[in-house]
Amino acid sequence: MSGKFITFEGPEGSGKSSLVQRVFDHFTARGMRVMMTREPGGIRISEKIRDILLDNALTEMDPRTEALLFAAARRQHLSEKIIPALQAGTMILCDRFIDSSLAYQGVGRGLGIDEVYAINRFAIGEFLPDLTVFVNVRPEVGLARLFANHRTKIDRLDLETQDFHRRLYDGYLELLKRYPDRIHSINGERPLDEVARDAIALIERHL
Ligand code: TYD
């Protein structure tokens, strides 16, 4: 496959989505073929699964159901959108991917990184991003930003306890150790311009 698959990860309030937009604008302006997408979602079926996953009313959802739904949404996203775009030589910028499941469901929910990886292997095989940008914002800083920004819609996972957010952040730190060649951490506790400059430099080194 000739395109590059680049994913962005981070805790709540890390500013990831604005960052992905900046990076997209930069590479588009350079004349590259770039596509922006997100998880859970990205396409029709996965956006419907997203609605279930993020619905604040569905407080009874079992952690394994949650993990399986994220993996199901990912499978459809991969086969319908990501693989064809990569084959066409497009660079893909994806807001969250498998590492979100490993951190949120594996560590946050306590299902185990290896267990969550196993169901994801059923969904997406050995496929992994070429590069993952981890926007490193401590959970207390991220949550403060999230609740200060009144435009953001607070979803089912945002409403989890502080402990949950602390655990999933530790989960990301564990993933950084497991995948040192693939996942790169950038300091997200700075103005967006600076974070974007670092992310673009990191991606350019990997192209
Ligand atoms: P979203 O509004 O896209 O949040 P953010 O701006 O933080 O990316 O909501 C996605 C939520 O789903 C977010 O809380 C992270 C969570 N999530 C998982 O728990 N597991 C996953 O595999 C993915 C992709 C997301």
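Both ligands and their constituent atoms are indexed starting at 1 by order of listing. The analysis underlying the following values was restricted to heavy atoms, covering all of them including side chains, and did not include hydrogens, waters or symmetry mates. Because the structure is predicted, anything quoted here is derived from the model rather than measured. Starting from 1, each residue takes its place in the sequence as its number.
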Please lay out, stage by stage, how Arg156 and Glu66 fare under the test salt bridge (charged side-chain N to carboxylate O under 4.0 Å, His left out). CA-CA 11 Å; Arg156 195 174 57 84; Glu66 182 180 286; 3.0 Å; yes

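In this structure, Arg74 is part of the shell of residues with a heavy atom less than 4.0 angstrom from ligand 1. Judged by the shortest distance from any of its heavy atoms, Glu12 lies inside the 4.0 Å radius around the atoms of ligand 1.
Ranking protein heavy atoms by distance to atom 22 (O) of ligand 1, first place goes to Ser101 OG, 2.5 Å. Of the protein's heavy atoms, Arg50 NH2, 3.5 Å lies nearest to atom 1 (P) of ligand 1. The protein atom (non-hydrogen) at minimum distance from atom 18 (C) of ligand 1 is Phe70 CZ, 3.2 Å. Closest to atom 11 (C) of ligand 1, if we only count protein heavy atoms, is Leu54 CD2, 3.8 Å. Pro40 CD, 3.9 Å is the protein heavy atom nearest to atom 10 (C) of ligand 1.
Here Arg178 pairs with Asp114, Glu174 under the salt bridge (charged side-chain N to carboxylate O under 4.0 Å, His left out) rule; sequence neighbours left out. Under the salt bridge (charged side-chain N to carboxylate O under 4.0 Å, His left out) criterion, Asp193 pairs with Arg22, not counting sequence neighbours.
Aromatic pair Phe127/Phe5: ring centres closer than 6.0 Å.
For Glu160 and Arg166, the salt-bridge test fails: no basic side-chain N is under 4.0 Å from an acidic carboxylate O.
Between Asp158 and ligand 1, no pair of N/O atoms sits closer than 3.5 Å.
In this structure, Arg30 forms no cation-pi arrangement with Phe27, as its terminal cationic atom is not both closer than 6.0 Å to the ring centre and no more than 45° off the ring axis. A cation-pi contact, defined as under 6.0 Å to the ring centre and within 45° of the axis, links Arg109 to Phe164.
At a 4.0 Å heavy-atom cut-off, ligand 1 touches Gln105 through the side chain alone.
Comparing Gly15, Ser17, Ser14 by heavy-atom distance to atom 6 (O) of ligand 1, the nearest is Ser17. Of the options Lys16, Arg96, Glu9, His77, the smallest heavy-atom separation from atom 7 (O) of ligand 1 is shown by Arg96.
Taking the side chain as every heavy atom from C-beta outward, Pro129 and Arg182 approach each other to under 4.5 Å. Considering only heavy atoms from C-beta on, Phe97 comes within 4.5 Å of Ile124 through its side chain.
Close contacts of ligand 1 with Asp155, meaning ligand atoms under 4.0 Å from a residue heavy atom, involve 2 (O), 9 (O). Close contacts between ligand 1 and Leu157 involve ligand atoms 12 (O), 14 (O), 16 (C), 19 (O) [criterion: under 4.0 Å to a heavy atom]. Within ligand 1, the atoms closer than 4.0 Å to a non-hydrogen atom of Glu39 are 24 (C), numbered from 1 in the order shown.
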